Amino acid sequence: MTAFAEQEDVEFVLTDKHFRIIAKIIREEAGIALSPIKTTLVYSRLTKRLRALELESFQQYCDIISDPKNKEERRHLLSALTTNVTHFFREPHHFKHLADVTGPSLIDRARRGERVRLWSAACSSGQEPYSLALTLLKLAPDLADTNLKILATDIDPKILDQARNGEYEKSLLEKIPGDLRARYFSRVTGNGELRVISDEVKSLISFRTLNLVRPWPVSGPFDAVFCRNVVIYFDEKTEQKVWSQFSNVIAPNGHLYIGHSERVTGPASNVLLPDGVTIYKNSC
Ligand SMILES: C[S@@+](CC[C@H](N)C(=O)[O-])C[C@H]1O[C@@H](n2cnc3c(N)ncnc32)[C@H](O)[C@@H]1O
């Protein structure tokens, strides 16, 4: 039995059986492997849902989410259990590589009218694709006039709404170089602590819902893909499948940027070869 089934003073009882039902659904829906050490996290995040739905037990909650027709609550479950931690210019060496190595030739091509595509897969609240756009705008302020576009996707529609809004607490902008902050952010009327990113930056990005463990409605080719800090939540088989799919949609000589504790393994590692710290190049 889990800790929460043994304690008498907890508000709800979460048994091993409930945990297994929740873990199975989250694996099927999002590929996320929840191990029992996450019991406390599952308990604390889902008790909020139980209260919101005025339920009396985890059993009632499990009955609701076990019915695939209850898509809305399954979406809430996903939002509650996914980790959305992100920030502007996270893992800055990737943005340096983009500015110094990848970006200049992509911009040359885009200015010649060629199609250039970047993809921020699992973009969370938008800081990653906006950091991509800002890095490229610093190199080419005329970017909006070219055929360079950034696709930004996530499984969670709620977090994508935040990303589309492009509004952030002033304190979250500290990692953005001052010149870019001054040029592309403005105060939100009526709230001195909020800043909004400009329409010019937003216009470079298309935000879409996309589940990495379901068939992808995109075919590429992508010149650069950022897929960072998400496959770490998947089991090994799912992770390797995702890498293989990326190897099929990244253009020859295109780049894949991954999270600091991730590594490309499996068949894709014959195609996506290391080209820097947590950076890979499509060798085909
Ligand atoms: C920790 S955030 C990473 C954000 C950003 N890439 C970064 O590194 O800063 C992980 C994101 O992956 C998303 N996610 C989880 N499972 C997913 C899946 N199966 N398909 C697409 N996105 C998923 C979550 O909703 C969350 O926004």
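Counting starts at 1 for both ligands and their atoms, following the listed order. Values in this document were obtained by computation on a predicted structure and should not be read as measured data.
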Q: Test Asn229 against every option in Glu128, Glu262, Glu91 by the side chain to side chain donor-acceptor pair (under 3.5 Å) rule and name the one that passes.
A: Glu91
Q. For the residue pair Phe246 and Trp216, does the interplanar ring angle fall in the parallel (under 30°), tilted (30 to 60°) or perpendicular (over 60°) class?
A. tilted
Q. So which heavy atom in the protein is nearest atom 9 (O) of ligand 1, and how far is it from that ligand atom?
A. Thr86 OG1, 2.6 Å
Q: Give me the ring orientation class for Phe58 and Tyr43: parallel if the planes are under 30° apart, tilted from 30 to 60°, perpendicular past 60°.
A: tilted
Q: Classify the contact between Glu128 and ligand 1 as side chain, backbone, both or neither, using a heavy-atom distance cut-off of under 4.0 Å.
A: side chain
Q. Can Arg111 and Asp142 be counted as an ion pair, charged N to O under 4.0 angstrom?
A. yes
Q | Which residue and heavy atom of the protein sit nearest atom 4 (C) of ligand 1, plus the separation | A | Ala122 O, 3.4 Å
Q.
Quick check: Leu212 and ligand 1, any N/O pair under 3.5 Å apart?
A. yes
Q) Taking heavy atoms and a distance under 4.0 Å, where does Val85 meet ligand 1: side chain, backbone, both or neither? A) backbone
Q: Inspect the surroundings of NZ in Lys149 and state if more than 12 heavy atoms from other residues, nucleotides or ligands are less than 6.0 Å away.
A: yes
**Q.** Shortest heavy-atom approach to atom 8 (O) of ligand 1 - which of Asn229, Val242, Ile258
**A.** Asn229
Q: Within a distance under 4.0 Å of any heavy atom of Ile155, pick out the atoms of ligand 1 and give their elements.
A: 14 (N), 15 (C), 16 (N), 17 (C), 18 (C), 19 (N), 20 (N), 21 (C), 22 (N), 23 (C), 25 (O)
**Q.** Heteroatom distance test (His87, ligand 1): nitrogen or oxygen, under 3.5 angstrom
**A.** no
Q) Should one rank Ile26, Thr153, Ile32, Asp154 by closest heavy-atom distance to atom 24 (C) of ligand 1, which comes out on top? A) Asp154
Q. Which one of Val230, Leu160, Leu210, Leu78 has a non-hydrogen atom at the shortest distance from atom 21 (C) of ligand 1?
A. Leu210
(Q) Please check whether Ala30 reaches ligand 1 - meaning an N/O of the residue sits under 3.5 Å from an N/O of the ligand, judged on distance alone. (A) yes
Q | Step-by-step ring-ring contact (aromatic ring centres under 6.0 Å, His included) determination, Tyr168 to Phe88 | A | CA-CA 10 Å; Tyr168 302 95; Phe88 285 104; 5.0 Å; yes
Q: Answer yes if the ring centres of Tyr130 and Phe89 are under 6.0 angstrom apart, and no otherwise.
A: no
Q: State the atoms of ligand 1, each with its element, that fall below the 4.0 Å cut-off from a heavy-atom position in Ser124.
A: 4 (C), 27 (O)
Q. Going by the atom numbers of ligand 1, which of them fall below 4.0 Å from some non-hydrogen atom of Arg228?
A. 3 (C), 5 (C), 6 (N), 7 (C), 8 (O)
Q. In terms of residue, atom name and distance, what is the protein heavy atom nearest to atom 7 (C) of ligand 1?
A. Arg90 NH1, 3.2 Å
Q) So, does His93 use its side chain to make a donor-acceptor pair with the main chain of Val277 at under 3.5 Å? A) yes
Q. Which protein heavy atom lies closest to atom 2 (S) of ligand 1, and at what distance to 0.1 Å?
A. Thr83 O, 3.2 Å
Q: Looking only at non-hydrogen atoms, find the nearest pair between Leu151 and Val218 and report the distance.
A: CD2-CG1, 3.7 Å
(Q) Between Glu73 and Arg49 (salt bridge meaning N to carboxylate O under 4.0 Å), is one present in this structure? (A) yes
Q. Is Phe226 touching ligand 1 with its side chain, its backbone, both, or neither, if touching means heavy atoms under 4.0 Å apart?
A. neither
